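Read through the structure below, which is laid out as structure tokens, and then see the notes.
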Amino acid sequence: MLTVIAYGLAIVLNLMILFIGLRFLFTPVAAATGYGVPAKDDRAYLTIKGVRDGTYGLVGLALLIFVGAYAEAWFMLVVALAPLADTVIVLRNGGTKAVAFGIHFATAVLVLISAALLFAL
């Protein structure tokens with residue numbers, strides 16, 4: 001049962017970040033608003049974020065499929081830095097605490113839980 005939960009959470013998190021990356025590529029202004037720091041003329045930076053997030057999602061899925069749970073656990077542990085940094089970025093740029101902690105910090109916690117579950121396998 002632990003294996004199903006660990007793999008399931010990892011897959012869902014990787015697919016979610018892939019979706020977020022695609023959203024930043026195809027609807028960048030709406031995605032930026034959802035991120036917590038609205039942007040209007042920063043399309044290049046929004047595209048960079050889309051590529052970054054999409055890449056994280058694909059790398060996570062590739063590690064899980066081709067290398068295994070242990071490599072994915074290390075990936076999740078390291079990649080948790082991104083939503084932790086996003087928390088600070090939102091707070092430092094006029095975003096709300098609700099978005100910073102309710103979305104970004106909560107995501108970091110879920111990613112760390114995923115890492116712990118994968119390490120436990």
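As the structure is a prediction and not an experimental result, all values here were calculated from the model.
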Applying the 4.5 Å side-chain criterion to the ILVMFWY set and letting contacts propagate, would [X] and [Y] be lumped into a single cluster?
X	Y	result
Leu13	Ile5	yes
Val12	Phe75	no
Met16	Leu84	no
Val88	Ile103	no
Ile113	Leu64	yes

Side chain proximity check, [X] to [Y], heavy atoms < 4.5 angstrom:
X	Y	result
Leu61	Leu15	yes
Leu91	His104	no
Leu22	Phe26	yes
Leu118	Leu121	yes
Phe101	Thr87	yes

Just verifying a value: how many Å separate [X] [atom1] and [Y] [atom2], rounded to the nearest 0.5 Å?
X	Y	atom1	atom2	value
Ile20	Leu25	CD1	CG	12.0 Å
Leu18	Thr55	CG	OG1	9.0 Å
Leu46	Thr27	CG	OG1	10.0 Å
Tyr35	Thr33	OH	OG1	12.5 Å

Tell me the closest heavy-atom pair linking [X] and [Y], and the distance in Å.
X	Y	value
Ala80	Ala108	O-CB, 4.0 Å
Gly36	Val90	O-CG1, 4.2 Å
Asn14	Gly60	OD1-CA, 3.3 Å
Ala30	Arg23	O-NH2, 3.4 Å

Greater than 12 external heavy atoms within 6.0 Å of Phe105's CZ: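 Open: at most 12 neighbouring heavy atoms sit under 6.0 Å from CZ of Phe105.
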Hydrophobic cluster (4.5 angstrom, side-chain heavy atoms) - remaining members for Leu77: Tyr70, Trp74, Leu112, Phe119
Salt bridge (charged side-chain N to carboxylate O under 4.0 Å, His left out) contacts touching residues 44-57 (sequence neighbours left out): Lys49-Asp53, Arg52-Asp86
Sequence neighbours excluded, every pair satisfying salt bridge (charged side-chain N to carboxylate O under 4.0 Å, His left out) that has a member inside residues 59-78: none
Contacts of Tyr7 that satisfy ring-ring contact (aromatic ring centres under 6.0 Å, His included) - sequence neighbours left out: none
Verdict with supporting geometry, Ile48 and Arg43, side-chain contact (heavy atoms from CB on, under 4.5 Å): CA-CA 9 Å; Ile48 291 167; Arg43 292 197 186 266; over 6 Å; no
Ser114 side chain to Leu110 backbone, donor-acceptor under 3.5 Å: no
Test side-chain contact (heavy atoms from CB on, under 4.5 Å) applied to Thr96 and Val99, step by step: CA-CA 5 Å; Thr96 66; Val99 169; 3.3 Å; yes
Contacts of Tyr45 that satisfy side chain to side chain donor-acceptor pair (under 3.5 Å) - sequence neighbours left out: none
Ring pair (Phe, Tyr, Trp, His ring centres under 6.0 Å) pairs, two or more places apart, involving residues 76-98: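 Residue pairs with at least one partner in residues 76-98: there are none.
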